[in-house]
Number of protein chains: 2
Amino acid sequence: MASEARWLTADEQVSWRAYLRATRELTVALDRDLQCEGISLPEYELLSMLSEADDDRLRMSALADLIVQSRSRVTHTAARLERRGWVQRRPAPDDGRGVVLELTDEGRDAIRRFAVTHVESVRRHLVDVLRPDQFRALGEAMLAVDAAYQADPTTPDPAACPTMEP
Amino acid sequence: MASEARWLTADEQVSWRAYLRATRELTVALDRDLQCEGISLPEYELLSMLSEADDDRLRMSALADLIVQSRSRVTHTAARLERRGWVQRRPAPDDGRGVVLELTDEGRDAIRRFAVTHVESVRRHLVDVLRPDQFRALGEAMLAVDAAYQADPTTPDPAACPTMEP
DNA sequence: CGGTTATAGTTGAAGCGTCAACTACAGCAC
DNA sequence: GTGCTGTAGTTGACGCTTCAACTATAACCG
């Protein structure tokens, strides 16, 4: 408790700041490009995962894990997409509690259109601004971060934050 | 218009998906760790930038650029932090329209405490899960993305999204 | 100067995300 | 079977973010 924090070195600071800036900027750019077409990035990701799944359908919880959103958020997002006629809720055949979300025909058409815009956006703001080896290195680093996150036991559970003055 | 979209290759897809997952996970992890201490990541970033500035003070718009948030958002965030006694608004001496945000003594104490938690969090979820060369490569890629974002003229201005059915 | 345009920042409403509480069903124990 | 515990998903309230509209000042131009 009394030991000094391991501060970042000057070089590490530069990388970390760059990470913070660039990820924010990328989110802004990708979302803006999609918003122009009439959909947000989180909504796009949901549709995108559905369209790649077998039979264009997934359980709500599988979807939540894939796009790294809370279950509650997926419920809300799916509700919005359902209102627009792009997805449809169905009871899960094998589990009375479960819900399967399914892409509608309109949803399939929509995601196909959006995908064109989106892939161009990803290239313009990310892939094409890096050398191929740079992008590969980025991907590998991100896989490592993902793996660490999955493995870290302190991440998912504690649910209790000790100090919080009344 | 008729030409095919340049889809991502399989390898590129893997990197891109890893990026999406890992950045979300990192945000979740870092924010959760700070929330336990009683502050959100965006709020922390604002305080952090102030604490590194000359005289612990910055113009609102400079702050907005540094943390990549809209001006409106900075106004709201600053208002919250002001309610907690950590920052203080002042008229800018040289520009009648401007506002300078200044860290209070309590704010200085607060950011110092939070920083300890935060740097540990950044190490645990990002820096320490990568090899040093990997982290450096990540930083360099992110600097390139940032530079491209700053340079891209289509990013900041168009303000008009053509198609939007009434 | 007076008029026009651009910049700095705020405001309030609407939309999205989070959180805790809740329903409903599954799985296991006995 | 009954009861207990865990999982799937939803709900509504609250808080944060976004967006468009607005005020106020600066900067430029004639």
Side-chain angles (χ1 to χ4, degrees), chain A residues 24 27-32 34-36 38-46 57-84 87-102 156-161 164, chain B residues 24 27-32 34-36 38-46 57-84 87-102 156-161 164:
Chain A
R24 288 265 162 90
T27 302
V28 168
L30 297 177
D31 194 58
R32 178 181 43 66
L34 278 173
Q35 293 280 9
C36 279
I39 193 173
S40 73
L41 183 56
E43 289 169 349
Y44 175 86
E45 286 183 66
L46 193 157
R57 70 183 73 190
L58 280 173
R59 285 287 291 269
M60 296 294 276
S61 47
L63 210 39
D65 293 345
L66 280 171
I67 60 185
V68 194
Q69 291 188 6
S70 70
R71 286 159 194 225
S72 168
R73 186 173 173 184
V74 171
T75 296
H76 287 303
T77 305
R80 254 176 281 138
L81 294 174
E82 194 172 25
R83 261 179 252 128
R84 302 179 71 168
V87 301
Q88 194 174 359
R89 242 180 269 271
R90 298 182 170 289
D94 55 327
D95 186 335
R97 301 163 297 180
V99 170
V100 172
L101 202 66
E102 188 183 324
D157 62 287
C161 301
M164 210 73 182
Chain B
R24 288 265 162 88
T27 303
V28 168
L30 297 177
D31 194 58
R32 179 181 42 67
L34 278 174
Q35 292 281 9
C36 278
I39 192 173
S40 73
L41 183 57
E43 287 168 351
Y44 174 86
E45 286 183 66
L46 193 157
R57 71 184 71 189
L58 281 173
R59 285 287 291 269
M60 295 294 275
S61 48
L63 209 39
D65 292 345
L66 281 171
I67 60 184
V68 193
Q69 290 187 7
S70 69
R71 283 154 198 227
S72 169
R73 187 174 172 182
V74 171
T75 297
H76 288 301
T77 305
R80 255 176 281 139
L81 294 173
E82 194 171 26
R83 262 178 252 130
R84 302 179 71 169
V87 302
Q88 195 173 359
R89 239 181 271 272
R90 299 183 169 290
D94 55 326
D95 186 336
R97 300 163 299 178
V99 170
V100 172
L101 203 65
E102 189 182 324
D157 62 292
C161 301
M164 211 70 182

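Every chain is numbered from 1 and lettered A, B, ... according to where its sequence line falls, protein lines coming before strand lines.
Partners of Q88(B) according to the side-chain hydrogen bond (donor to acceptor under 3.5 Å, both in side chains) rule, which considers only residues two or more places apart in sequence or in another chain, do not exist here. Every residue two or more places apart in sequence or in another chain that forms a side chain to side chain contact (heavy atoms under 4.5 Å, CB included) with L66(A) is listed here: M49(A), L58(A). When the side-chain hydrogen bond (donor to acceptor under 3.5 Å, both in side chains) test is applied to R57(A), no partner is found at least two apart in sequence or on another chain. Scored by the side-chain hydrogen bond (donor to acceptor under 3.5 Å, both in side chains) test, D31(B) finds Q35(B) as partners (sequence neighbours excluded). Shown here are the salt bridge (Lys or Arg N to Asp or Glu O under 4.0 Å) partners of D95(B), two or more places apart in sequence or in another chain: R59(B), R97(B).
The rotation axes computed at either terminus of the helix from dC1(C)-dG30(D) to dC30(C)-dG1(D) lie 20° apart, taking five pairs at each end and rounding to 10 degrees.
Taking atom CD on E82(B) and atom P on dG9(C), their separation rounds to 14 Å, with Å as the unit.
With a cutoff of under 4.0 Å to any heavy atom of chain A, the contacted region of DNA chain D is bounded 5' to 3' by dG6(D) to dG12(D).
Against DNA chain D, the stretch residues 88-99 of chain A makes heavy-atom approaches under 4.0 Å through R89(A), R97(A), G98(A), V99(A).
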Produce a footprint string for nucleotides 14-20 of chain C: one letter per nucleotide, 5' end first; B if the base is under 4.0 Å from any protein heavy atom, S if only the sugar-phosphate is, - if neither. --SSBB-

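Base contact: T75(B) has a heavy atom under 4.0 Å from a base atom.
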Output a table of donor-acceptor pairs, distance under 3.5 Å, between side-chain atoms of residues 67-83 of chain B and any protein atom two or more places apart or on a different chain; print 'none' if there are none.
from, atom 1, to, atom 2, distance (Å)
S70(B), OG, R73(B), N, 3.1
T75(B), OG1, R71(B), O, 3.1
T77(B), OG1, R73(B), O, 2.8
R80(B), NH1, E43(B), OE2, 2.8
E82(B), OE1, R89(B), NE, 3.2
E82(B), OE1, R89(B), NH2, 3.3
E82(B), OE2, R89(B), N, 3.3

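If you take CG on L63(B) and CG on L46(B), they are separated by 4.0 Å, rounding to the nearest 0.5 Å. One finds the OH atom of Y44(B) at 7.0 Å from the CG atom of L34(B) (value rounded to the nearest 0.5 Å).
Contact of the M60(A) side chain with the L101(A) side chain is registered, since non-hydrogen atoms from C-beta on lie closer than 4.5 Å.
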